[in-house]
Structures are given as C-alpha cells and as structure tokens.
K.L.:
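Below are the structure tokens for one structure; questions will follow.
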Amino acid sequence: MDMKEVEQKWRTKWDEIGASKFHKENIDKKHYVLEMFSYPSGAKLHLGHWFNYGPTDSYARFKKMQGYEVFQPMGFDAFGLPAENYAIKTGVHPWDSTEKNIATMEGQLKRMDAMFDWSNEIKTCTPEYYKWTQWLFIQLYKHKLAYRKEALVNWCPSCETVLANEQVVDNKCERCHTPVIRQNMTQWFLKITDYADELLDGLDTIDWPEKTKLMQKNWIGRSYGAEADFVVDNAEKDVIRVYTTRCDTIFGVNYVVLAPEHPLVKKITTPDRMADVEAYIEYASKASDIDRLSTTREKTGCFTGAYAIAPLSGRRIPVYTADYVLFSYGTGAVMAVTAHDERDYEFAKVHDLPITQVIRAKEGETVLPYLDDGVLMNSGEFDGLYGEEARDAIASALEREGKGHKKTNYRLRDWSVSRQRYWGAPIPMIHCPKCGTNPVPEKDLPVTLPYDVEFKPTGKSPLASHEGYMNCKCPVCGGDAKRDPDTLDTFVCSSWYYLRYPDANNDKQPWDIDYINKMLPVDTYVGGAEHACMHLLYARFITKALRDMGYVNFDEPFKRLVHQGVILGTDGMRMSKSRGNVISPDEYVQQYGADAFRLYLMFCFSYTEGGPWSETGIKSIAKFMDRIEALVRKVNDMPVEDKAYATGSAEKELDYARNYAIKNLTRDLEAFSFNTAVARLMEYVNALQKYDGNENKNVPFLKDCISDLIKLIAPCTPAFSEELWEITGHNTSVFEERYPLVNEKALVKDEVEYAVQVNSKIKAKVMIAKELDNAAIQEYVCQQEEIKPFLVGKSVKKCIIVPGRLVNLIVG
RNA sequence: GCCGCUGUGGUGGAAUUGGCAGACGCGCGGGACUCAAAAUCCCGUGUUGGUGACAACGUGUGGGUUCGACUCCCACCAGCGGCACCA
C-alpha cells in the first residue's frame with residue numbers, strides 16, 4: 001500500500017466529513033482528551049511531540065469507538081523567553097518567528113493524522129486569547145489574589161537586565177559571564193498559598209500518578225509548628241519572630257539566625273559589626289537558593305553584634321545572619337538549637353558556639369546532634385515531657401506569655417508573575433500618581449502588546465521605553481498615568497487554556513459558564529512529568545480560584561493525568577542541539593508514513609518511561625502492517641459458499657485468540673499500555689495466519705475475525721485501517737464502528753495449566769480441569785509421575801494453591 | 001544537596017500487582033524456496049555444565065521478611081526528571 005497516498009486520501013476525506021469535530025448535541029457522552037499544547041520555540045515538531053500526541057490520539061480514537069463524543073483540541077503556548085532571545089540575537093521579531101513556527105508546526109501536526117478539532121485552536125500570543133488572560137489577572141486582583149511585593153531577581157550588572165534562572169550558568173550571566181547578583185524588585189504575585197490546604201487535600205480526589213501527587217505534596221510542604229518571639233536587647237526592643245517545628249527544643253536555643261535579606265539585619269547590627277555584616281550580605285547575594293540549601297555546603301554566617309532574649313528561658317543569646325536561612329520560607333528567621341539540629345550543630349562547631357542538650361532518647365544512648373523526638377531535660381517545668389506532648393505544652397506557654405502560638409506553615413510560596421520582558425501578555429494595570437494602582441477597565445481589554453518595541457536589554461522592561469504604550473489615562477481620575485511595564489509569566493497563559501478550548505471563539509466572554517461546566521473537567525490530560533509541580537499546580541490553583549469567583553463549578557481541572565516518558569538520543573542523553581543527538585521524525589514519516597511511525601512509537605517504548613531512541617524495529621512494524629494487508633486482501637477474496645462450515649476446535653482456538661485480543665487491547669489502551677496492546681495485536685495476527693493455514697476453513701467466521709482485526713487496530717493506524725475497511729467492502733468510516741466487545745464465554749477453558757512446585761521449586765506443569773476443588777487438585781497433583789518421586793517417604797505438610805496458576809507442595 | 005522516579009537476556013521491553021521471569025518484537029544461529037541474492041516462510045535462541053532427560057545459577061549491589069520476592073522492608077551504587085524567571 002502506498003501509505004503516503006492513502007494517508008493523503010483519508011486526510012482529505014476526514015476533513016470533508018468533519019471527522020474531528022465535536023458535536024455539542026452529544027455533550028452528555030463527552031470525553032475531553034487533552035495533550036499539553038506545543039511551545040513553538042524550535043521551528044519544527046520534534047520526536048517528543050509525536051510521542052505525546054500520536055499514542056494519545058490513538059487513545060482518543062479508542063474512546064470515540066467506545067461511543068464517546070471526543071473533544072481533542074490543539075494550540076500553541078506561544079509567548080516566552082526563547083522567541084525573545086532569538087529576536088535579540090538575530091533581529092527577527094518574536095511575532096514573525098512565532099507565526100512562522102506555528103504555521104510550520106500546524107502543517108506537521110495535520111500530517112500526524114490526529115483527530116484535533118482545529119476549529120477551536122488557541123494561540124496564547126493573539127489578542128483574542130490574551131485579552132482573557134488579562135481579564136483573569138484582573139479578576140484575581142479584584143478578589144485580592146494578586147498583590148505586589150518585593151522579591152529577589154537575578155540581575156546582571158553588566159547587561160543591566162533580569163536573567164531567568166536558565167540564563168545563569170555557574171552564578172554568571174550566560175551572555176557576558178559577569179557574576180550575577182540577587183536584587184530586590186517590586187513584582188506582582190498571585191496568592192496560591194491561600195489554597196495550599198485545598199491543593200493538598202484535593203490530591204485525594206483525582207486519578208493522577210502517585211509520584212506526581214507525592215511531588216506536589218512535598219512541594220506544598222505543609223508543616224505543623226509554632227512561631228516564637230525573641231526580643232532584641234537594644235533600645236527599640238525589636239522583635240525577631242521565628243518559625244520552628246520543634247518548639248520542644250526551645251530551652252536549647254543557643255543563637256538566633258536571620259536570613260541575610262531580612263530587614264532587621266541592618267537595623268540591629270551594632271556599628272562595630274556593620275562592615276562585616278554588609279560584606280556577608282554581599283557574599284550571600286551571589287548564591288542561589290539551591291546552593292544555600294545544600295546540606296554539604298559549608299555553613300557560613302556572620303555575628304550581628306546584637307543579642308536577643310529567648311522566650312520562656314529568658315536566656316540572652318547572640319543574633320547571627322546566615323544564608324542557610326531563606327527569607328522566603330517561614331518568617332525568614334530561625335532559632336538555632338545546636339544539640340538537636342544538624343545544620344545548627346555544624347554551624348556551632350565552625351563558629352565555636354555552645355551546645356546545650358535539652359532532649360534525651362527515651363531509651364539507650366543519646367548521640368548529638370539528636371534529632372528524633374525524646375524526653376525533655378534542662379527545660380524547667382517541662383522536663384520529662386515527650387515529643388508532641390512537650391510541643392503542645394510549650395506552645396501553650398508561649399501563647400500565655402504572648403510570646404508565640406501554634407502555626408501551620410507551607411514550603412509553597414506565592415507565585416511571582418511579573419516579567420521584565422517583551423514577549424508576554426501585558427499586565428493590565430495602571431499606576432496613577434494620585435489614585436495609586438488600578439486595573440484597566442474590562443471594556444478596554446485587551447491591552448495590546450505593541451509591535452514596534454526595542455526588546456534589547458536597556459536596564460528596564462522593554463515596554464517601559466515605549467512612550468505610546470506607557471502613557472495612558474487613569475481609569476479613576478482621568479489624569480495622566482502609566483501602564484505597568486511588565487508582562488505576565490507564560491505559566492499564567494497556560495494555567496487556564498483548557499477552559500478556553502471548548503468555547504475558543506467566544507468574543508463576549510472567556511467562556512460560557514453553563515457550557516464549560518458540562519465540558520470540564522478534562523477527562524484525560526497527557527503531558528510530561530516535568531510539569532508536576534509548576535504548570536499542574538498553577539492550573540489547579542486557578543481552577544479553584546475561578547470556582548470561588550463563580551466562573552466554574554468544579555474543583556479540579558484534570559480528572560485523570562498521564563505522563564509520557566522522555567525519548568532520549570541514541571546516546572541515552574536528552575536530545576539537544578548542542579549535543580548534536582536530535583532525531584527528526586520527519587524522515588521516518590516520509591519513508592514509512594505517519595501510521596507506521598505512530599505504531600512504532602507505541603510499540604517500542606514503555607509509554608510512561610520512554611527511553612533512548614533506536615530505529616531498529618521500525619522496519620518490522622512496516623512489515624507487520626504489510627502482513628495484515630496481505631491477510632486482509634486474501635481473506636476478502638475468499639468466496640463464501642452455500643455450505644455448512646466447520647465449527648471445531650480450530651475455530652474455538654481462533655475465537656479464543658480473538659476475544660483474548662479484544663479483552664487485552666481494551667484494557668491496555670485504557671491504561672496507556674500501548675506496547676503491550678500492539679503485542680496482543682501481533683499475537684492475534686499470528687493466530688489468524690495459523691488458522692488460515694488450515695485446509696478446511698470456516699470462511700464467514702474468518703471474515704468476521706478479520707473485520708474485528710481492522711476495528712481493533714484502527715485507533716493505532718487510522719488511515720491504514722480506513723483503507724482496509726474500504727477494501728473489505730464498506731463505504732463508511734471505520735471510526736463510526738464500535739470497538740469490539742469481548743465475549744467472556746469464548747475465554748473459558750476446560751483445562752488450565754498449573755505450575756507444580758515441591759518446596760517452592762517448579763517440578764512439573766500439569767493440566768487441571770476447571771471444576772476440581774482444592775482437595776481434588778492436591779490429590780491429582782500428587783499422583784503425577786513427575787511429582788511422585790519427591791513424595792517418597794515424606795508427607796505433604798502444606799499445600800498452597802493459587803487458582804488457575806500454581807500448586808506448591810511443602811513436604812518434609 | 002533536597003524531592004520524586006528508574007535499574008530485568010546481545011537488544012527494545014513484558015510479568016494479571018507476592019505466585020511458572022524473559023510475553024511481543026529486534027538481533028543472532030540453523031533450515032526451506034532460489035542458479036544466486038533479496039523478499040517470504042519454518043525451527044532454535046537467558047547463562048553455565050552435560051550427547052541427553054536434566055542440574056545449578058539468574059531481574060543494579062549487599063542484607064532481611066515469606067512456603068514463595070523483579071514485586072515488600074533496610075542499606076548502598078548508577079542513571080533520569082524537578083527545585084519556583086526554559087516551558
């Protein structure tokens with residue numbers, strides 16, 4: 001079969017009949033299949049796209065054949081850093097390069113023969129889309145979920161620009177190799193932390209990979225502890241508030257540590273220590289959070305000269321600043337318990353600080369640092385209390401004295417969404433010297449991203465230099481005002497796109513609420529595991545926030561989630577241009593056709609694991625399809641005579657093979673276990689060929705089995721199967737057919753093979769009739785010639801029977 | 001470093017979730033067809049020992065639980081994904 005021609009033929013036909021269209025009248029049977037949309041940075045579709053979209057489309061087609069009304073849209077996550085960097089390097093405007101890339105990728109996606117409903121396509125960089133991204137931001141602002149605060153950014157002093165983490169290599173600017181510093185900048189934040197508890201608890205309600213749920217759980221990082229106040233021994237009596245999960249150790253506090261960015265550091269530092277402290281802050285600004293949290297890194301720090309009074313014990317202890325404390329977590333200050341915390345213990349050794357034991361093991365020796373729960377000592381009235389009981393008592397005491405209280409804390413931080421870049425959705429906010437900061441009125445949306453902008457780094461956001469963009473009228477007083485010069489993080493665009501797809505052409509509102517409530521949640525969402533903690537968490541947060549605002553009525557955006565694995569280069573390394581190990585799918589598609597290529601991707605990798613690319617075997621997949629075609633044509637040409645055909649054991653065997661295939665394909669496709677699904681297809685084809693070798697064939701039965709074969713493989717090789725369906729005399733699409741249903745009766749065997757073990761070693765395989773009970777099985781097995789020798793002079797002490805599988809005789 | 005995952009023949013990968021390890025392919029070996037080759041078809045193929053029936057060993061390493069462990073537990077090694085401005 002000339003697959004290129006066949007694929008083109010069916011592509012045209014599918015377009016004519018609107019085969020990929022979603023029919024709203026069948027919404028009660030909807031199944032929303034979504035693949036993570038493409039990022040058009042490279043000019044072309046890569047292997048990863050094929051691996052994500054090809055097999056998932058087969059899943060979508062499988063659902064369609066099960067009678068679901070499938071909605072499978074596609075679009076482009078088109079804003080982002082790479083297009084801007086490309087523009088800075090080459091001078092090609094991000095609009096132009098992005099449009100061109102999208103056009104190329106659309107063409108390639110269409111050749112994939114997936115059932116994408118292109119009438120609902122989305123491109124996040126179009127005003128029609130980002131108008132609603134801006135609308136979303138304003139709703140969040142109005143509901144107090146967007147606010148501004150200072151936050152650290154990577155700053156290259158030489159390029160005078162903010163750098164993405166990706167642009168920082170070894171703490172240096174990737175462009176000019178100047179050491180990068182962390183600098184404070186006022187930024188917009190979204191209050192994802194308001195939803196921390198619900199984001200945790202909601203994990204129990206969704207069908208996601210356990211590992212992804214676990215990663216999100218750890219990312220949110222809920223911990224139960226207490227805040228406690230340490231009063232600085234200075235004129236102002238400044239208060240250092242610390243967060244601790246171990247308030248039971250509070251009598252063992254030997255010093256207090258402030259993060260170098262903590263505003264109190266400079267305030268309380270004594271004049272004689274100021275030079276050292278400033279030098280230390282400078283030093284700390286050069287390290288990344290990952291470096292700072294490394295447990296193997298040397299614990300550095302600097303004494304501020306100040307002392308504070310510990311609550312409850314009243315002890316006077318020194319105040320340090322050290323970069324192993326992060327300003328962004330907890331209160332940005334910790335109490336250091338040198339005897340019961342590893343980092344503090346290490347720090348105390350280096351800085352020659354005392355170590356005060358306040359906990360001992362319940363039994364056995366106590367080795368410092370002792371980290372587990374234990375019995376309190378040297379803790380005044382609390383001596384003798386243990387673990388949680390001690391923490392409760394101490395937290396209550398803190399509260400009584402007005403020096404602290406219990407506190408639940410999260411590792412999760414609010415989501416920083418301001419970007420000092422050009423290629424993103426403009427932040428729809430206006431800064432007025434008189435009225436402060438206010439949102440753009442919704443009737444004035446979108447705030448259009450101007451084309452004629454100097455996007456090369458100048459020390460400010462690119463939009464800040466565009467007078468025509470920046471100058472505007474205050475929506476409150478009508479006076480002269482300025483726009484916010486920043487754009488939104490692209491994760492904001494992708495945090496709600498699944499809501500836009502079903503109603504993508506609505507120009508009155510982001511979506512029709514009634515309609516979207518019927519179309520969502522997404523039934524099956526497929527994309528890479530690298531998004532576990534960011535995109536997937538942001539999307540959940542936005543859904544919950546919109547629900548609370550009344551724009552949707554469901555709690556979770558993605559009912560079921562599947563991650564495809566990563567296909568690596570032939571060298572086992574991640575594909576990248578710099579490594580030169582990038583495999584292009586195009587040549588394979590050219591040579592073998594999209595169907596064979598898709599089938600190969602399904603068969604030769606574990607879908608959720610991926611693995612190194614190898615083209616060995618792609619030929620055999622093409623051959624497998626040839627075998628099917630030959631078989632289908634041969635059986636199709638067999639005349640049906642007017643006679644009674646055989647219905648003996650050969651027919652029973654083939655019917656078993658057919659139903660075995662139906663049962664397993666149905667299960668495996670549902671489970672995204674595509675490689676085993678294809679293996680079962682191969683077994684079925686082998687069984688058909690074996691039966692075809694018989695002299696006396698039941699031709700009508702064989703034709704029926706072939707018909708099922710075409711339906712079974714149809715989701716995997718769509719054009720090929722349509723062609724076979726036509727060859728076998730049909731003038732309708734095979735995707736209008738129902739996926740074959742299993743006949744369980746055909747799978748019942750009179751006898752089952754059991755493995756027989758003696759003392760857990762396999763000694764024989766025995767056919768055992770289905771109706772035997774356990775006692776009869778044991779008796780039957782013991783009579784077998786292969787087993788008898790093992791029983792001579794011994795008795796069976798125990799007999800373990802696993803129904804349908806195994807008998808284990810324990811003898812002695 | 002921290003969080004999460006993975007490790008099975010020469011090779012890609014299976015294994016009903018604690019029950020016959022290696023399904024289905026690739027590769028390799030042998031054979032049929034052919035003047036020959038390609039294509040196709042048939043047989044074999046974890047390792048070691050044995051002519052052989054068979055035996056021993058075998059799922060990254062070391063230990064443990066169990067009648068029974070690729071699967072569960074503990075410790076370690078290697079690789080991969082993420083670590084909040086790549087998306």
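None of the values given here were measured: they were computed from a predicted structure. Order of the sequence lines sets the chain letters (A, B, ...), proteins ahead of strands, with each chain counted from 1.
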K.L.:
Quick test of your reading of the model: are A:Arg343 and A:Glu346 salt-bridged, counting only N-O distances below 4.0 Å?
P.N.:
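No, A:Arg343 and A:Glu346 are not salt-bridged.
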K.L.:
Toward the 5' end of RNA chain B, which comes first, A:Leu293 or A:Thr212, by nearest nucleotide?
P.N.:
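The residue mapped nearer the 5' terminus is A:Leu293.
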K.L.:
Establish, yes or no, whether a centroid distance under 6.0 Å links the rings of A:Tyr324 and A:Phe347.
P.N.:
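A:Tyr324 vs A:Phe347: aromatic centres under 6.0 Å.
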K.L.:
With a 4.0 Å cut-off on heavy atoms, is A:Asn218 in touch with a base, just the backbone sugar-phosphate, or nothing at all?
P.N.:
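It contacts sugar-phosphate atoms only.
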K.L.:
Would you measure the distance from the P atom in B:rU48 across to the matching atom in B:rA32 and give it in whole Å?
P.N.:
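The answer is 27 Å between these two P atoms.
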K.L.:
Taking the six-membered ring for Trp, are the ring centroids of A:Trp496 and A:Tyr129 within less than 6.0 Å of each other?
P.N.:
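Yes: the rings meet the under 6.0 Å criterion.
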K.L.:
Find the distance A:Lys619:NZ to B:rG12:C1' and express it as a whole number of Å.
P.N.:
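Going from A:Lys619 (NZ) to B:rG12 (C1'), I get 17 Å.
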K.L.:
Within the pair A:Lys761 and B:rC57, is there a side-chain N or O less than 4.0 Å away from OP1 or OP2?
P.N.:
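Answer is yes, contact under 4.0 Å.
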K.L.:
For atom P, what is the distance between B:rG10 and B:rG60, given to the nearest Å?
P.N.:
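That atom pair is separated by 13 Å.
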K.L.:
For A:Lys634 and B:rU40, give me the distance from atom NZ to atom C1', rounded to whole Å.
P.N.:
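After rounding, the reported distance stands at 13 Å.
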K.L.:
Taking a pair as Watson-Crick or G-U wobble with both distances under 3.5 Å, which nucleotide is matched to B:rA56?
P.N.:
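Partner of B:rA56: B:rU47.
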K.L.:
Please give the distance between the C1' atoms of B:rA21 and B:rG68 as a whole number of Å.
P.N.:
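Result for the C1' pair: 14 Å, nearest Å.
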K.L.:
Which nucleotide, in any strand shown, forms a Watson-Crick or G-U wobble pair with B:rG25, with both distances under 3.5 Å?
P.N.:
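Paired with B:rU11.
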K.L.:
Once you round it to whole Å, what is the distance between P of B:rU8 and CD of A:Glu609?
P.N.:
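Distance check: A:Glu609 CD to B:rU8 P gives 11 Å.
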K.L.:
Please state how far atom CD in A:Glu342 lies from atom C1' in B:rG1, giving the value in whole angstrom units.
P.N.:
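These atoms are roughly 12 Å apart.
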K.L.:
Dump the intermediate steps for ring-ring contact (aromatic ring centres under 6.0 Å, His included) on A:Phe137 and A:Trp188, then the final yes or no.
P.N.:
CA-CA 10 Å; A:Phe137 182 84; A:Trp188 285 102; 5.4 Å; yes
K.L.:
Which whole-number value in Å describes the distance from A:Leu681 CG to B:rG13 P?
P.N.:
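Rounded to whole Å, this separation is 20 Å.
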K.L.:
Are A:Glu210 and A:Lys213 close enough for a salt bridge, meaning some N to O gap below 4.0 Å?
P.N.:
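So A:Glu210 pairs with A:Lys213 through a salt bridge.
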K.L.:
With P as the reference atom in both, quote the distance from B:rU6 to B:rC73 in angstrom, rounded to an integer.
P.N.:
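Taking atom P in both B:rU6 and B:rC73, they lie 12 Å apart.
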K.L.:
Should B:rC41 form a Watson-Crick or G-U wobble pair with both distances under 3.5 Å, which nucleotide is its partner?
P.N.:
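Partner of B:rC41: B:rG31.
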K.L.:
Counting Watson-Crick and G-U wobble pairs only, both distances under 3.5 Å, name the nucleotide matched with B:rC67, or none.
P.N.:
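Partner of B:rC67: B:rG19.
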K.L.:
Answer yes or no for A:Lys149 and A:Phe189: cation-pi contact, defined as NZ/CZ to six-membered ring centre under 6.0 Å and angle to ring axis within 45°.
P.N.:
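Positive - A:Lys149 is close enough to the ring of A:Phe189 and near enough to its axis.
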K.L.:
In whole Å, measure the gap between the C1' atoms of B:rG30 and B:rC35 for me.
P.N.:
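Going atom to atom, C1' in each nucleotide, I get 22 Å.
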K.L.:
Starting from C1' on B:rC42, measure out to NZ on A:Lys690 and report it in whole angstrom.
P.N.:
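Those two atoms, NZ and C1', are 14 Å apart.
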K.L.:
Answer yes or no: is there an ion pair linking A:Asp323 with A:Arg297, defined by an N-O contact shorter than 4.0 Å?
P.N.:
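Between A:Arg297 and A:Asp323 there is a salt bridge, with a charged N closer than 4.0 Å to a carboxylate O.
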K.L.:
Would you kindly give the NZ-to-P distance between A:Lys763 and B:rC67, to the nearest whole Å?
P.N.:
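Computing the A:Lys763:NZ to B:rC67:P distance gives 19 Å.
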K.L.:
State, with a plain yes or no, whether a side-chain heavy atom of A:Asn759 is found less than 4.5 Å away from one of A:Ile810.
P.N.:
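When only atoms from C-beta onward are counted, A:Ile810 and A:Asn759 do touch, with a gap below 4.5 Å.
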K.L.:
Need the pair for B:rA87. Rule: Watson-Crick or G-U wobble, both distances under 3.5 Å, any strand; none if unpaired.
P.N.:
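Its partner is none (no Watson-Crick or G-U wobble pair with both distances under 3.5 Å).
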K.L.:
Would you sort out whether A:Arg419 and A:Asp489 count as a salt bridge (charged side-chain N to carboxylate O under 4.0 Å, His left out), showing the intermediate values?
P.N.:
CA-CA 6 Å; A:Arg419 297 291 179 270; A:Asp489 176 13; 3.2 Å; yes
K.L.:
What's the gap between B:rU71 and B:rU59 when it is taken at their P atoms, as a whole Å value?
P.N.:
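Per the computed distance, 9 Å lies between those P atoms.
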K.L.:
Would you kindly compare A:Ile800 and A:Pro612 by the position of their nearest RNA chain B nucleotide and give the one closer to the 5′ end?
P.N.:
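Taking each residue's closest nucleotide, the earlier one in sequence belongs to A:Pro612.
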K.L.:
Measuring only the P atom in each nucleotide, how far is B:rG58 from B:rA69? A whole number of Å is fine.
P.N.:
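So the two P atoms sit 11 Å from each other.
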K.L.:
Round to the nearest Å and state the distance from A:Lys217 atom NZ to B:rC2 atom C1'.
P.N.:
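A:Lys217 atom NZ is separated from B:rC2 atom C1' by 16 Å.
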K.L.:
Extract from the structure each pairing of a protein N or O with an N or O of nucleotides 80-87 of chain B at less than 3.5 Å, listing the distance.
P.N.:
residue	atom	partner	partner atom	Å
B:rG81	OP1	A:Arg574	NE	2.8
B:rA84	O5'	A:Asn165	ND2	3.3
B:rA84	N6	A:Arg411	O	2.9
B:rA84	N1	A:Arg413	N	3.0
B:rC85	OP2	A:Arg419	NH2	3.2
B:rC85	O4'	A:Arg419	NE	3.3
B:rC85	O4'	A:Arg419	NH2	3.4
B:rC85	O3'	A:Asn165	N	3.3
B:rC85	O2'	A:Asn165	N	2.5
B:rC85	O2	A:Arg421	NH2	2.5
B:rC85	N4	A:Gln187	NE2	3.1
B:rC85	N4	A:Ser418	O	3.4
B:rC85	N4	A:Gln420	OE1	3.1
B:rC86	OP2	A:Asn165	N	3.2
B:rC86	OP2	A:Glu166	N	2.7
B:rC86	O4'	A:Glu166	OE1	3.1
B:rC86	O4'	A:Glu166	OE2	3.4
B:rA87	OP1	A:Leu81	N	3.0
B:rA87	O5'	A:Thr490	OG1	3.4
B:rA87	O3'	A:Asp77	OD2	2.3

K.L.:
When you compare B:rC57 with B:rG18, how far apart are their C1' atoms, in angstrom units rounded to a whole number?
P.N.:
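These two C1' atoms come out 22 Å apart once rounded.
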K.L.:
My understanding is that a pair needs two contacts under 3.5 Å, Watson-Crick or G-U wobble. By that rule, which nucleotide pairs with B:rC5?
P.N.:
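Partner of B:rC5: B:rG79.
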K.L.:
With syn defined as a glycosidic angle within 90° of 0 and anti as the rest, where does B:rU17 land?
P.N.:
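That one's syn.
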K.L.:
Mind telling me whether B:rG9 is syn or anti, cutoff 90° either side of 0?
P.N.:
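This nucleotide is in syn.
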K.L.:
Using the six-membered ring of A:Trp219, assess whether NZ or CZ of A:Arg411 lies under 6.0 Å from its centre and within 45 degrees of the ring axis.
P.N.:
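A:Arg411 over A:Trp219 ring: yes.
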K.L.:
Given side chains that start at C-beta, do those of A:Leu190 and A:Leu145 come closer than 4.5 Å, heavy atoms only?
P.N.:
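The answer is no, as the side chains (C-beta and beyond) never meet within the 4.5 Å cut-off.
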K.L.:
Of the options A:Tyr600, A:Tyr588, A:Tyr592, which is the one that meets A:Glu615 in a side-chain hydrogen bond (donor to acceptor under 3.5 Å, both in side chains)?
P.N.:
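When side-chain hydrogen bond (donor to acceptor under 3.5 Å, both in side chains) is applied between A:Glu615 and each of A:Tyr600, A:Tyr588, A:Tyr592, only A:Tyr588 qualifies.
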K.L.:
I need a per-nucleotide contact map over nucleotides 21-33 of chain B, read 5' to 3'. Cutoff is protein heavy atoms under 4.0 Å; write B for the base, S for backbone only, - otherwise.
P.N.:
S-BBSS-------
K.L.:
Under 3.5 Å, is there an N or O donor on one side and an acceptor on the other linking the side chain of A:Lys765 and the base of B:rC20?
P.N.:
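Yes.
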